[in-house]
Amino acid sequence: MKLDSRIPEGPLAEKWNNYKANQKLVNPANKRNLDIIVIGTGLAGASAAASFGEMGFKVKNFTIQDSPRRAHSIAAQGGINAAKNYPNDGDSVHRLFYDTVKGGDYRAREANVYRLASVSNDIIDQCVAQGVPFAREYGGMLDNRSFGGAQVSRTFYAKGQTGQQLLIGAYQALMRQVNAGTVEMHTRTEVVDYVIVDGKARGVITRDLVTGEFSRHFGHAVVMATGGYGNTFFLSTNAMGSNGSAAIKAYEKGAAFANPCYAQIHPTCIPVHGEFQSKLTLMSESLRNDGRIWVPKKKEDAEAIRAGKKKATDLSEDERDYYLERRYPAFGNLVPRDVASRAAKERCDAGFGVGTTGLAVYLDFKTSIERLGEDTIRARYGNLFQMYEKIVDDNPYAEPMMIYPAIHYTMGGIWVDYELQTTVPGLFSAGEANFSDHGANRLGASALMQGLADGYFVLPFTIQNYLADDIRTPRMTGDEKEFVEAEKAAKAKFEKLMSIKGSRSVDSLHKELGLVMWDFVGMARNKKGLEEAIEKIAAIKKEFWTNVKIPGSDKGMNVELEKASRLADFITTGDLMARDALNREESCGGHFREEYQTEEGEAKRQDDKFTYAACWEYKGEDKAPELHKEELKFEVVKVAQRNYK
Amino acid sequence: MSNLLSSSIGRKLLMSLSGLFLITFLVVHLSINLLLLIPDGGEAFNVAANFMALPLIKFGLQPVLALGFIVHIAYGAILTAKNNKARGNNKYASGNNTKEVMWASKNMAVLGVTILAFLAVHMVDYWIPLQITHAVGSVTIGGVEMHDTYSLVAANFQNPLKVVLYVIGSLGLAVHLTHGFWSAFQTLGASNTIWRKRWTVIGTVFAWVVSLGFCVIAIAMYACGSCC
Amino acid sequence: MENNISLTLKVWRQSDSKAKGGFETYKLETVSTDSSFLEMMDILNEQLVGEGKEPVAFDHDCREGICGMCSLYINGRPHGPDDDVTTCQLHMRKFKNNETITIEPWRSAGFPVIKDLIVDRTAFDQIIAAGGYTSVSTGGVPDANALPIPKDDADEAMDAASCIGCGACVATCKNGSAMLFVSAKVSHLALLPQGQVEAALRAKAMVGKMDELGFGACTNTGACEVECPKGVSIANIARLNREYLSAKLKD
């Protein structure tokens, strides 16, 4: 496997312009004869499909949900970054680029990040034109707020529902193309495999989730934008349906999987409360703008609180440890996510945690309410407070919230070059599904930016460069032997799952996998634990393939069967994550190896050995994957130890 | 404009406009009826009733009024049928427990039918004898001979059953209007968060004033007839 | 704080869109009142899978009240007996020990049942496709601050835009009307200068599609806004009526 990042020539700031100036284009008459398959209808998928349709390509768009408006991009609360510098606080494309590379702990590709920063402003313009109701000031201008890890206010937001509004904007653009006939929408349809013809991605095999029927679809190019694989952990902030199967299928067909171990733990989630729990709810990071995080200073107080003998409000200021403000005076409660998460874990592990489980810290709005008044706080975070109250049954205006870190986002993903093309020609990957822009840690409000950048402003250019060579490739019918064989293999897999007829439910196995992941491949990892995890995951895999129980039949809708086929891929993902974490003998961003930390417990990178993207090549069932390295060169950014003190 | 009236909002527009028209009719009707309460032996009322029987009004305005009723009733029926179809064939086994919804708003058709039944009795009582059969006594006021409508009304209200029926009809009308009044403005689009509250208050006051007005007249006529 | 309750569930089961369907009764012991309604459904399904029976199919995804995928008509109310929440945000502390809970799919001619508690809501997508957008293509748009928008308008547009397309409004409406959904989108865009350009066309196209798909007419009962998990107001319906009528009268 050869990794060619295809970074354009020229100085960093000129690369994207140079690329656009020299890329190949497809003329309008030819676009009509070219088919593009887009998998996923989140921000990246919907924006790409809509843009391709507008350009004149014939698009087939697939989603597992009942509507393209449901993808989990919708759940992003906080906002989207852009280097507009509207507040005149010194922001610029270069600064956004720099912050993103630094926030990612110097493990992202400079050229991609620079492009991301430079198209960020176009995204805001585009969304406003679509009618996204961003928050505004009384003068009618767009409002900005600051977000974790940034010293400027560059985050645009729409109440606490920014992801929803951006997705609905993209969804509307997409439905406009459906109406125009350029996009064919397939809802409740899961892509179960890719079809490779002469080494190029030429189509997909789908399973209709309502009828259980399989179909073959041809495309001159295939874009997968299917999000991340956080649900490997069972409990995460991801939606129940979010899965990494399309990525694993791509990996198994020859696409390299890069940096699987980079998983982001979000610091402000509602703590786990019971065994029956199905998912973790995120409370927007924006809460850290006005909320102060603390635990009791004395262990006795923490113990009394856990036992229900004391309440948070019983403790005076002197008895509280605002540990982020103490440890990181410069950034305080606004340190990046990985730093905030680890600090919470450190306090809880040391016995200062609160809540009934001891796995929670306080997020307190008392100071802000005193300073700004309850009405202002309500206007800023009312919907989040209401959400918290509904779940926990506590009033966050009176009692501090309790939060704990949870798996949230995966920076790793399918390896792509500068054009967002994977190592399989003709297969592109966008949004969270690819590995490209966030390095080892993603900054708040950057996921929405990346998803839309890929879909609206990158793929529409780069895919043409690929398709320009394909204008003479006629459409395939789907009866070619590659299609027939791929469909047969996919069917066989589902039949095999149905034939196991064991005794374990899918969820029980998934929970078991999740626990192994959280305990050994979670916030703090070490060699011994990771080796143990690999063994345990292999045992779960064996148990799954011999003892899973799926009632019903493979005809018609069978939810358990859907979950089982996704769990099979989560097991592969889990193994890959553990292997990658074991390989990466350093701490960086969301990846923390206990062996590599400073005396104060901060992450310690090993730049001389690990300044590369670890790309894993599939070598076959039950064979260890092979590691390839894309060396990361930093020509503009000065690599340094991150310092938020 | 072409297919406005075949759209759901177009049909609602007709309900709204015909409803508002009928509301203005109610105001006229009530104003004339209030003349019954003037202790002049029915003179003022008879003059007003005679005015309403002028050919211009009888042949010019009555058909318009009738059309108002017909449109309101016919479109009410069409909309109800269509809405029932849209609800689907399967009913909820657990019913509907949504709170904070005005009872009247969910029962406009039932209330409408109640009012319609009352209207039929009303027509038999007054419209047929006054305008078709002319089986009414006459009276001369200011040199003009006219129907003694007052006596007809007074006689009718000596029947306690009629009085009760009249009161029930008026109350049904009130409940119908508590929703119908503001709803008409909502359908026209002449509402928003603030005006919705205003229309509801105005509508409720209007509904009860009109309805109680009719009731008071009926009861007063009954009481007056028995005592004087 | 932890508290367990036992429940009797009457759940609508229907093997596919053509099957007749009917209620099945299940008993559940020890459900924590801290669990969400859908977690309770997970427990039921885990129990059914254990017995070798097919689990109850229901739509759900984000489980934080924003994707609009979860539905369920619970004890006579869409999204159950709590206000301003979706079913996934409903918690079992709202129920009593030994209570019987009736769980049905959304019912409306516009939302046919696919399986058990899952209904087909693609009609909503069709309505959006008919005109629920601004006709701008990627690129070639002015700077985001080129058109100032009064804060009040932006806020009101945001309130209308907060619709999650779950369909509770249709489910609860005695007329099976989609007016709240349609009006929310028409209002969201009509309130913004970017959406003004096509406001008349949009209102006509979306209402036309809504009628064509067999949704009922609005009789202003307001049940939709009571059950809307996002509190979308029927003031939007007045605006839609306004937009639609003025558009039609101008034709």
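Below, read A as the first sequence line, B as the second, and so on, with proteins coming before strands; counting in each chain starts at 1.
- Note that CG of B:Leu4 and NZ of C:Lys204 are 11.0 Å apart. Values are rounded to the nearest 0.5 Å.
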> Would C:Val226 and B:Val101 count as a side chain to side chain contact (heavy atoms under 4.5 Å, CB included) if you check the C-alpha gap in whole Å, the side-chain angles of each, and the deciding distance to 0.1 Å?
Replying inline: CA-CA 8 Å; C:Val226 177; B:Val101 172; 4.2 Å; yes
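- Residue-environment remark: NZ (B:Lys85) stays at or below the threshold of 12 foreign heavy atoms within 6.0 Å.
- Nearest heavy-atom pair across B:Ala86 and C:Gly214 is CB-O, 3.3 Å.
- The number of heavy-atom neighbours closer than 6.0 Å to NZ of C:Lys94, taken from other residues, nucleotides and ligands shown, is 12 or below.
- In this structure, C:Tyr73 contributes its side chain and B:Gly95 its backbone to a donor-acceptor pair below 3.5 Å.
- The shortest heavy-atom contact between B:Ser183 and C:Thr219 is OG-O, 4.2 Å.
- Residues B:Lys91 and C:Glu104 share a closest heavy-atom pair of O-OE1, 4.1 Å.
- When each of C:Ala217, C:Gly176, C:Ser246, C:Ala235 is checked for heavy-atom pairs under 4.5 Å with chain B, C:Ala217 comes out on top.
- Top candidate by heavy-atom pairs under 4.5 Å with chain C, chosen from B:Ala104, B:Ala190, B:Ala93, is B:Ala93.
- The CG atom of B:Asn90 lies 5.0 Å from the CH2 atom of C:Trp12; values are rounded to the nearest 0.5 Å.
- For chain B, the option among C:Ile237, C:Ile234, C:Thr102, C:Leu240 with the highest count of heavy-atom pairs below 4.5 Å is C:Ile234.
- Only the side chain of B:Lys12 has a heavy atom closer than 4.5 Å to any heavy atom of chain C.
- A 4.5 Å side-chain heavy-atom check between C:Leu245 and B:Leu13 finds at least one atom pair inside the cut-off.
- In this structure, OG1 on C:Thr172 lies 7.0 Å from OH on B:Tyr92, to the nearest 0.5 angstrom.
- B:Ser7 and C:Tyr244 form a side-chain donor-acceptor contact under 3.5 Å, judged by distance and modelled atom types alone.
- Side-chain contact, B:Ser94 with C:Asn75: no donor N or O sits under 3.5 Å from an acceptor N or O.
- In terms of heavy atoms, C:Ala238 sits closest to B:Ser191 at CB-O, 3.2 Å.
- A donor-acceptor pair shorter than 3.5 Å cannot be found between the side chains of B:Ser105 and C:Asn220.
- Using a cutoff of 4.0 Å between basic side-chain nitrogens and carboxylate oxygens, C:Arg77 and B:Glu100 are not scored as salt-bridged.
- Heavy-atom distances place no part of B:Trp195 under 4.5 Å from chain C, backbone and side chain included.
- Atom CZ of C:Phe23 has more than 12 neighbouring heavy atoms from other residues, nucleotides or ligands inside a 6.0 Å radius.
- Under a cut-off of 6.0 angstrom, the local environment of NZ in B:Lys82 is sparse, with at most 12 non-hydrogen atoms contributed by other residues, nucleotides or ligands.
- Using a 4.5 Å cut-off between heavy atoms, B:Arg87 touches chain C through backbone and side chain atoms alike.
- In this structure, the portion of C:Pro105 lying under 4.5 Å from any heavy atom of chain B is its backbone and not its side chain.
- By number of non-hydrogen pairs under 4.5 angstrom with chain C, the leading residue of B:Thr193, B:Leu188, B:Ile194, B:Thr187 is B:Thr187.
- For a residue to count as touching a neighbouring chain, one of its non-hydrogen atoms must lie under 4.5 Å from one of that chain's; by this rule C:Glu243 does not touch chain B.
- Across C:Ser177, C:Cys218, C:Gly110, the residue that shares the most heavy-atom pairs under 4.5 angstrom with chain B is C:Cys218.
- If you take CG on B:Asn192 and CZ on C:Arg239, they are separated by 8.0 Å, rounding to the nearest 0.5 Å.
- Residues C:Lys248 and B:Asn3 bring a donor and an acceptor atom of their side chains to less than 3.5 Å of each other.
- Summarising the geometry, atom CG belonging to B:Asn84 is positioned 8.0 Å from atom CG belonging to C:Asn175; distances are rounded to the nearest 0.5 Å.
- Between B:Ile9 and C:Met179, some side-chain heavy-atom pair lies under the 4.5 Å cut-off.
- Taken to the nearest 0.5 Å, the OG1 atom of C:Thr221 stands 10.0 Å off from the CE atom of B:Met102.
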